[in-house]
Colleague: 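The structure's right below; bear with me while I get my questions together.
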Amino acid sequence: MKNFEFVAARSVDEAVAALAQSKGPARPIAGGTDLIVQLSEGRRTLDRVVGLDHVPELHHVSAQSDGSLHIGAATPCVSIYSDLDVRRAFPMLVDSTSIVGSVQVQSRASLGGNLCNAAPSGDCIPTLICLDATAVVVGAKGRREVRVDSFCQAPGRTVLADDEILVELRIPAPVAHEGGVYQRFIPRNEMDIAVAGAGSWVRVDPQSKVITHARIALASVGPTPLRIVEAEEALVGSEVSQEAIERAATIARDEARPISDVRGSADYRRHLVQVLVRRTLLGALQRAGIDTDRVKGGVALGG
Amino acid sequence: MAGKVPVRLCVNGSEYEILVEPRQTLLEVLREEIQLPGSKEGCGNGNCGACSVMMDGLASNSCLILAVQADGKEITTVEGLADGMQLHPLQQAFLEEAALQCGICTPGFLIAANSLLKKNPDPSEAEVRHHLAGNLCRCTGYDKIVRAVLKAAAAMRAESSKEEVSA
Amino acid sequence: MASNYRVIGTRPIRPDGYGKVTGKDQYGADTFLPGMLYAKVLRSPHPHAVIKRIDTSKAEAFPGVEAVCTGADFPTVTSDEAIDSGEETISARFMTALSMANHKVYYKGQPVAAVAATSPAVAAEAVGLIEVEYEPLPAVDDVLDAMKPEAPLLHGDLYTERLTGEEKRPSNIAKHIQQSRGEIEKGFAEAEVIVEREFNTQMVHQGYIEPQAATVQASPDGRLTVWTSTQGAWQIRTQMATILDMPEGRIRVIPTEIGGGFGGKFTPYVAPVAAVLSRKTGRPVKAVMKRSEVFQATGPGSGGYIRLKMGAKRDGSIVAAEAFIAYDAGAFPGSPVGAACLTGLSPYTIPHLKIDGYDVVTNHPRVKAYRAPGGTPMGMAVESVVDEIAVELGMDPIDLRLKNAVGPGDRMTNGVAYNSIGFKELLQAIKEHPHYTAPLEGEFVGRGVACGFWTNGSGTSTVHLNFNPDGTVNLIEGSTDIGGSRASMAMIAAEELGLDLSEVRPQVSDTESLGYNDGTGGSRVTYATGVAVYRACKDALNELKSRAAILLEVDEAAVTFSGGIFRAGAAKEIRIQDVIKQLGKTGGPFEARGVSGSLQRAPAFGASLADVKVDPETGKVQILRWTQFQDVGKAIHPAYVEGQLQGGAVQGIGWGLSEEYSFKDGHMLNPSFLDYRMPTALDLPMIDTHLVEVPASDGPYGVRGVGEVCIVPPPGAIANAIYRAVGVRMTELPMKPECVWRTLQTAQQEQVSETSQAG
Amino acid sequence: MATVIIPSVMRSATGGVEAVHVPGGTVRAVMHGLVAQFPELGSKLFYDKDQLHHYLALFVDGIEVRASQGLYAQVSEDAEIVIVPALSGG
């Protein structure tokens with residue numbers, strides 16, 4: 001790897017200034033578990049790297065008094081899934097942050113980094129989409145907020161300008177009778193990149209068992225993590241049933257845009273989307289307090 | 001362009017002030033500059049765990065950390081696991097249980113297992129397997145490694161309950 | 001059963017363990033010398049191309065670069081001599097190409113130039129400045145395509161070898177092995193059940209965690225000192241002498257600790273490059289491979305195509321087998337297809353046989369040995385077909401094997417007779433094992449069994465013993481210790497000399513301090529080096545006995561030895577330690593020696609018993625329970641024997657379920673541990689082992705090598721378990737989820753169309 | 001006399017005979033004696049007077065004699081010599 005200049009930022013402003021003032025390509029580094037591999041394999045060359053390890057604003061998990069959650073963008077996965085508030089109120093976030101690489105990787109890899117890396121396979125991104133998260137971005141021109149479902153634009157490309165950094169992720173407060181689950185399919189049981197991943201989130205009317213809100217997002221089956229609005233629309237207004245689940249899973253399968261590569265063929269990935277959406281919807285319903293035995297109907301709720 | 005920059009590292013309790021290139025990983029600096037080659041490079045991209053070290057109390061892949069990022073941090077490598085001539089219970093258990101063959105992955109496993117036992121002194125077999133999934137071993141099939149970690153955990157629990165009683 | 005032994009069969013802490021758990025031991029990349037330079041190799045981006053031009057001037061001018069080398073800096077070797085590369089041979093003229101290409105590249109990742117610089121980063125940056133102009137050629141990417149007459153030829157001067165004579169036309173088929181017995185048509189005519197299947201397997205990597213590394217210091221007197229992690233220091237010496245065209249005696253190879261090998265660390269990929277760069281600079285040069293280089297430019301295990309047809313009578317006797325085996329050698333001849341021809345069908349007494357094996361070159365990395373090289377794909381084929389016959393006949397799969405199993409005196413497929421073997425005992429042990437009879441509960445679960453055979457190696461080992469004034473013994477051996485063999489060797493010495501294990505200090509020697517040693521491969525160390533230790537002990541006891549006679553003041557003939565004590569009559573005795581302590585008084589120091597050679601083979605049989613669960617929706621297979629069986633002859637250190645079985649089983653599981661080289665047009669698509677998926681701790685259950693001990697014919701204690709055969713049966717056992725779980729026969733390795741899913745889909749569609757036809 | 005087992009693919013040179021009895025005290029003598037009986041075997045076994053093809057190996061009473069060496073090994077009166085393709089691996 002070519003050498004570069006390293007600037008250890010002490011604040012968000014310092015980090016933004018260091019990016020803005022760089023003469024050549026520059027990137028911030030949080031955990032670095034993606035960026036360092038890209039640099040060492042020559043997939044990316046930088047003039048300047050801006051270290052975020054010592055920026056306190058970027059390292060926190062803060063449950064707000066209204067029940068919403070703010071997470072500093074450079075907070076490593078381990079600090080998120082070990083947080084008691086997260087474990088209690090945002091289990092879907094635990095699903096995702098606890099499967100990023102190994103335990104060693106989770107000590108360093110950050111939630112914000114997973115989003116900014118914008119890999120189609122980013123396991124945290126479908127979850128952030130399902131949880132309706134907002135990204136707080138600060139740049140030389142000031143501060144803005146971007147919804148996570150429009151954050152990634154292409155493999156490795158986001159809405160961030162060269163002088164902008166992601167500062168915080170904000171997740172709205174959960175309400176009763178909602179739940180979400182993220183699952184990915186990998187050949188081994190850990191350490192792999194998702195062949196396909198699916199996050200499903202629902203809110204259900206406890207009396208009528210009608211799904212009132214739904215979000216479904218997929219990983220590894222498109223150039224970016226995909227939100228499948230058509231599948232969500234098919235769910236909303238339906239009473240919980242195996243047919244409704246299967247309909248949504250089938251729509252998700254048809255809407256996925258996978259490619260064939262070394263990790264799996266396009267048709268296998270489509271098939272996996274259907275399986276995973278079915279399974280995660282069942283899991284989401286369970287987390288929303290629905291007794292899924294009623295709807296199981298021979299469908300295995302597998303892992 | 002960028003030259004060398006000073007970095008302060010506390011490695012196995014010793015303070016080091018050294019000049020590094022920003023592109024040097026913590027692993028390279030530990031091995032080549034500080035000459036602690038116990039941490040090994042198996043893959044260079046975080047998929048084998050042979051380079052595992054503790055940084056500020058968390059097991060991390062030192063191949064995926066720039067040395068400049070580790071500035072001011074406390075690092076424990078496999079060389080710092082024993083207390084002088086007194087082996088750590090994990091080291092002792094690995095020897096007794098034949099939990100190593102070629103031994104190249106052993107430093108990483110010891111570090112990862114140590115980080116597990118620090119937060120969970122009584123892990124199940126499944127928890128051990130989950131926690132060690134980031135460490136590849138090609139010789140043992142993991143069976144004896146898992147047994148050694150469970151044995152060390154039991155020994156450490158027995159030791160700490162003895163300490164509690166005597167305290 | 002009460003043991004006759006004091007040390008053998010116990011489980012002591014290995015003497016070299018302390019350096020390993022404290023991180024102090026020196027492995028291949030851990031050599032640090034004053035003034036050392038770092039080498040980095042530039043590698044071909046093309047799988048097949050002519051090198052038109054190399055311009056190294058920019059790299060040479062780069063600050064920090066001390067030397068650059070290309071193929072022009074290596075001698076031209078034209079000899080066709082077969083050079084011992086540890087577990088296989090390679091023609092001398094192809095050997096240099098593995099370290100440095102000249103004029104042409106045959107696989108992606110082949111070295112084309114290298115630099116030595118003051119830091120690894122500078123070296124890596126500088127190789128990027130070397131300009132190479134290539135003329136790409138069409139790549140041969142598949143064994144069956146390579147065999148076609150119209151296939152592009154890799155080598156214009158390669159002719160098919162066969163026992164009946166060489167071909168006249170150049171070909172990508174380097175060798176055609178033919179074995180036959182009886183009359184194959186007659187055999188199949190007698191058969192009442194015939195099963196024929198085709199199998200496809202991919203290249204796989206040994207996956208040792210330590211990348212290849214070497215440090216070389218050239219001296220003005222023409223000598224080279226090489227520090228490297230290898231399975232065979234003497235084989236590295238031979239190969240480096242061939243590549244550098246220099247006398248072997250001028251090369252000293254000092255083996256470091258080795259971070260795994262499994263057959264893949266017999267070849268000096270980077271050491272010759274470091275040697276050339278050291279000669280140019282006069283400074284020590286260290287070369288360490290990156291993982292992607294290890295995958296693309298070292299020797300993986302062979303994959304290939306197998307077509308197997310077997311026939312049996314209703315009573316279960318297998319009467320005929322016909323096999324077509326084509327193995328991928330990679331860029332230069334030398335696949336282990338011969339071992340596949342020999343080991344696959346040899347476990348069964350089959351009167352009518354016909355085996356054709358082909359060694360085929362392609363534009364892939366040149367293969368090397370990988371644990372029972374060649375055995376595993378063929379084992380998968382044979383054990384799947386045998387299982388299918390058992391199902392067709394409604395027979396228990398162990399009973400079917402017992403009916404056809406070979407015993408002592410039966411012949412292998414090449415005509416060589418078996419000596420003492422324990423295959424039948426092994427099968428009986430499986431049948432009686434609680435795992436075999438345990439109920440299997442749940443949906444989509446199945447239990448499969450498969451067996452495997454490996455001839456095991458013997459070869460030559462040299463061992464010296466010398467003696468310390470405190471009564472202890474130093475054991476000097478030349479066999480690289482990859483998995484605890486120093487412990488076993490010390491245990492044999494302690495057993496024979498009546499010493500405590502702590503009184504024997506084992507050490508692995510370099511090539512200048514001990515006579516010749518074959519390498520650590522072919523499951524030969526515990527067996528052949530064990531024999532050398534045993535003989536060295538006998539040699540030592542001869543001399544020590546005469547010294548004891550002096551100290552006891554008796555005639556030597558009156559002295560007896562047992563349990564560490566020399567006795568003369570009832571009253572006079574002296575401990576061996578006390579004899580050793582007083583060597584100075586009784587004639588001075590001496591050294592005892594033992595050499596092994598001309599040993600009979602001590603063949604090994606093993607088996608895997610697997611319980612799996614299949615997720616039919618995704619095709620993913622989970623191992624629920626595993627027992628590995630093996631006839632080990634006699635376990636010297638049972639914990640390390642179990643460790644070999646467990647490690648071999650898990651490599652076989654990885655091969656079975658997830659490991660493969662994915663090639664596209666000669667480019668490996670997955671050269672990292674991320675996408676080359678070796679099993680993690682989370683993918684496995686405990687690996688139970690069951691050791692059967694049928695003594696081998698030759699050598700002390702009845703020891704057999706144990707390292708290799710355990711990788712042969714796992715894929716077959718998994719395939720047979722999948723069949724019993726979901727009813728489909730898997731014929732591809734790895735049986736990755738997509739592959740299982742697709743096979744299930746196909747079976748479902750066939751069922752639907754059959755039903756609709758029937759309807 | 002030693003017994004040499006001829007692999008089936010070479011038996012055209014021995015008129016289909018599988019086991020040939022040949023006198024001789026060393027492997028070399030036996031193999032030369034074999035060629036004297038069946039001259040067609042000469043080029044199939046040897047590429048030089050005292051050099052077997054490298055892709056051949058001999059097993060003498062179960063012990064492998066490498067093609068390039070061991071031609072001077074002693075053979076007993078009732079020895080069995082099996083000609084096999086040399087193996088790569090193991």
Side-chain angles (χ1 to χ4, degrees), chain B residues 21 23-24 28 31-32 35-48 50 77-82 87-88 90-92 94-108 110 125-126 128-147, chain C residues 11 13-14 16-27 29-30 32 119-121 206-211 257-262 288 290-292 481-484 637 639-640 642-651 653 672-674 678-689:
Chain B
E21 287 187 358
R23 65 180 162 186
Q24 284 186 287
E28 186 182 332
R31 288 177 51 83
E32 303 284 339
Q35 303 234 325
L36 287 172
S39 308
K40 307 298 183 188
E41 177 170 322
C43 69
N45 55 14
N47 286 294
C48 79
T77 70
V78 68
E79 289 96 337
L81 213 49
L87 291 184
H88 187 281
L90 276 163
Q91 293 171 313
Q92 188 64 35
F94 268 57
L95 288 178
E96 288 170 2
E97 292 298 302
L100 57 145
Q101 286 177 31
C102 82
I104 195 86
C105 69
T106 308
L110 288 168
E125 181 198 327
V128 172
R129 288 186 181 277
H130 180 261
H131 197 89
L132 298 181
N135 292 78
L136 292 176
C137 170
R138 195 58 161 171
C139 296
T140 65
Y142 305 102
D143 183 295
K144 292 185 190 303
I145 292 176
V146 173
R147 286 177 204 278
Chain C
R11 299 170 178 244
I13 288 179
R14 61 197 273 182
D16 59 308
Y18 295 90
K20 296 197 166 61
V21 297
T22 55
K24 300 288 198 294
D25 268 6
Q26 185 194 324
Y27 287 81
D30 302 340
F32 300 94
S119 82
Q206 297 87 356
Y208 37 79
I209 306 299
E210 179 203 38
E257 292 298 320
I258 175 171
F262 313 108
V288 182
K290 292 282 170 193
R291 180 56 55 182
S292 61
D481 179 357
I482 312 191
H637 192 312
Y640 285 98
E642 293 161 6
Q644 288 292 324
L645 269 57
Q646 290 162 337
V650 168
Q651 284 187 320
I653 291 169
S672 82
F673 279 151
L674 179 63
M678 309 201 308
T680 76
L682 195 58
D683 301 317
L684 299 160
M686 288 298 187
I687 306 295
D688 293 331
T689 57

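Naming convention: chains lettered A, B, ... in sequence-line order (proteins, then strands); numbering from 1 in each chain.
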Colleague: What part of B/Glu32 gets within 4.5 angstrom of chain C, counting heavy atoms only: side chain, backbone, both, or neither?
Modeller: both
Colleague: Give me the atom names and distance for the closest heavy-atom approach of B/Cys48 to C/Phe673.
Modeller: CB-CD1, 3.9 Å
Colleague: Mind listing the closest non-hydrogen atom pair of B/Gln101 and C/Gln644 along with its distance?
Modeller: OE1-NE2, 3.5 Å
Colleague: If you measure from SG on B/Cys139 to CD1 on C/Ile482, what distance do you get to the nearest 0.5 Å?
Modeller: 8.0 Å
Colleague: How far apart are the closest heavy atoms of C/Pro679 and B/Tyr142, and which atoms are they?
Modeller: O-OH, 2.7 Å
Colleague: What is the minimum heavy-atom distance between B/Glu79 and C/Gly23, and which atoms define it?
Modeller: OE2-O, 3.9 Å
Colleague: Under a 3.5 Å distance rule, please check whether C/Gln646 uses its side chain to pair with a backbone N or O of B/Gly141 as donor and acceptor.
Modeller: no
Colleague: Is there a side-chain contact between B/Arg138 and C/Glu210 (heavy atoms, below 4.5 Å)?
Modeller: no
Colleague: Taking every non-hydrogen pair under 4.5 Å, which of B/His131, B/Glu28, B/Glu21, B/Glu125 racks up the most with chain C?
Modeller: B/Glu125
Colleague: Taking the side chain as every heavy atom from C-beta outward, state whether B/Leu87 and C/Tyr18 have any pair of such atoms under 4.5 Å apart.
Modeller: yes
Colleague: Is B/Gln24 in contact with chain C via its backbone, its side chain, both, or neither, using a 4.5 Å heavy-atom distance?
Modeller: neither
Colleague: Output the option from C/Lys290, C/Arg14, C/Lys24 having the highest count of non-hydrogen pairs under 4.5 Å with chain B.
Modeller: C/Arg14
Colleague: Nearest 0.5 Å, please: how far is CZ in B/Arg31 from CZ in C/Phe32?
Modeller: 5.0 Å
Colleague: Under 4.5 Å heavy-atom distance to chain C, tell me which part of B/Leu100 shows up: side chain, backbone, both or neither.
Modeller: both
Colleague: For C/Leu682 versus B/Ala126, what's the shortest heavy-atom pair and its separation?
Modeller: CD1-O, 4.4 Å
Colleague: Quick check for you: among B/Arg23, B/His130, B/Gln92, B/Arg147, which has the greatest number of heavy-atom pairs under 4.5 Å with chain C?
Modeller: B/Arg23
Colleague: Checking C/Arg291 now: which residues fulfil salt bridge (Lys or Arg N to Asp or Glu O under 4.0 Å) with it, not counting sequence neighbours?
Modeller: none
Colleague: Please report the interatomic distance CG(C/Asp30) to NZ(B/Lys40), rounded to the nearest 0.5 Å.
Modeller: 3.5 Å
Colleague: For the interface with chain B, which of C/Ile13, C/Val21, C/Val650 has the highest count of heavy-atom pairs at distances below 4.5 Å?
Modeller: C/Val21
Colleague: Could you look at C/Ala649 and say if it's the side chain, the backbone, both or neither that has a heavy atom under 4.5 Å from chain B?
Modeller: neither
Colleague: With a 4.5 Å heavy-atom cut-off, do B/Leu136 and C/Thr680 have their side chains touching?
Modeller: yes
Colleague: Once you round to the nearest 0.5 Å, how far does CG of B/Asp143 lie from CD1 of C/Ile687?
Modeller: 6.5 Å
Colleague: Among C/Pro211, C/Ala121, C/Gly260, C/Gly484, single out the residue with the greatest number of heavy-atom pairs under 4.5 Å to chain B.
Modeller: C/Ala121
Colleague: Sort out for me which of C/Leu674, C/Asp683, C/Asp481 touches chain B most, counting heavy-atom pairs under 4.5 Å.
Modeller: C/Leu674
Colleague: Kindly write out the residues that satisfy salt bridge (Lys or Arg N to Asp or Glu O under 4.0 Å) with B/Lys144, not counting sequence neighbours, or none if the list is empty.
Modeller: C/Glu642
Colleague: Take C/Leu684 and B/Arg129 through the test side chain to side chain contact (heavy atoms under 4.5 Å, CB included) and record every step on the way to the result.
Modeller: CA-CA 9 Å; C/Leu684 299 160; B/Arg129 288 186 181 277; 4.1 Å; yes
Colleague: Which atoms of B/Thr106 are under 4.5 Å from chain C, going by heavy atoms: the side chain, the backbone, both sets, or neither?
Modeller: side chain
Colleague: Search all heavy atoms of B/Cys102 against all heavy atoms of C/Tyr27 and return the closest pair with its distance.
Modeller: O-OH, 2.6 Å
Colleague: In terms of heavy-atom pairs under 4.5 Å, which option from C/His637, C/Gln26, C/Gln206, C/Arg11 contacts chain B the most?
Modeller: C/Gln206
Colleague: Rounded to the nearest 0.5 Å, what's the gap from CD on B/Glu41 to CD1 on C/Ile209? Could you check?
Modeller: 12.5 Å
Colleague: Just how far is it from atom CD of B/Gln91 to atom NZ of C/Lys20, taken to the nearest 0.5 Å?
Modeller: 14.0 Å
Colleague: Checking heavy atoms, do the side chain of B/Ala50, its backbone, both or neither come under 4.5 Å from chain C?
Modeller: side chain
Colleague: What option among C/Gly648, C/Ser292, C/Pro685 has the most heavy-atom pairs under 4.5 Å with chain B?
Modeller: C/Pro685
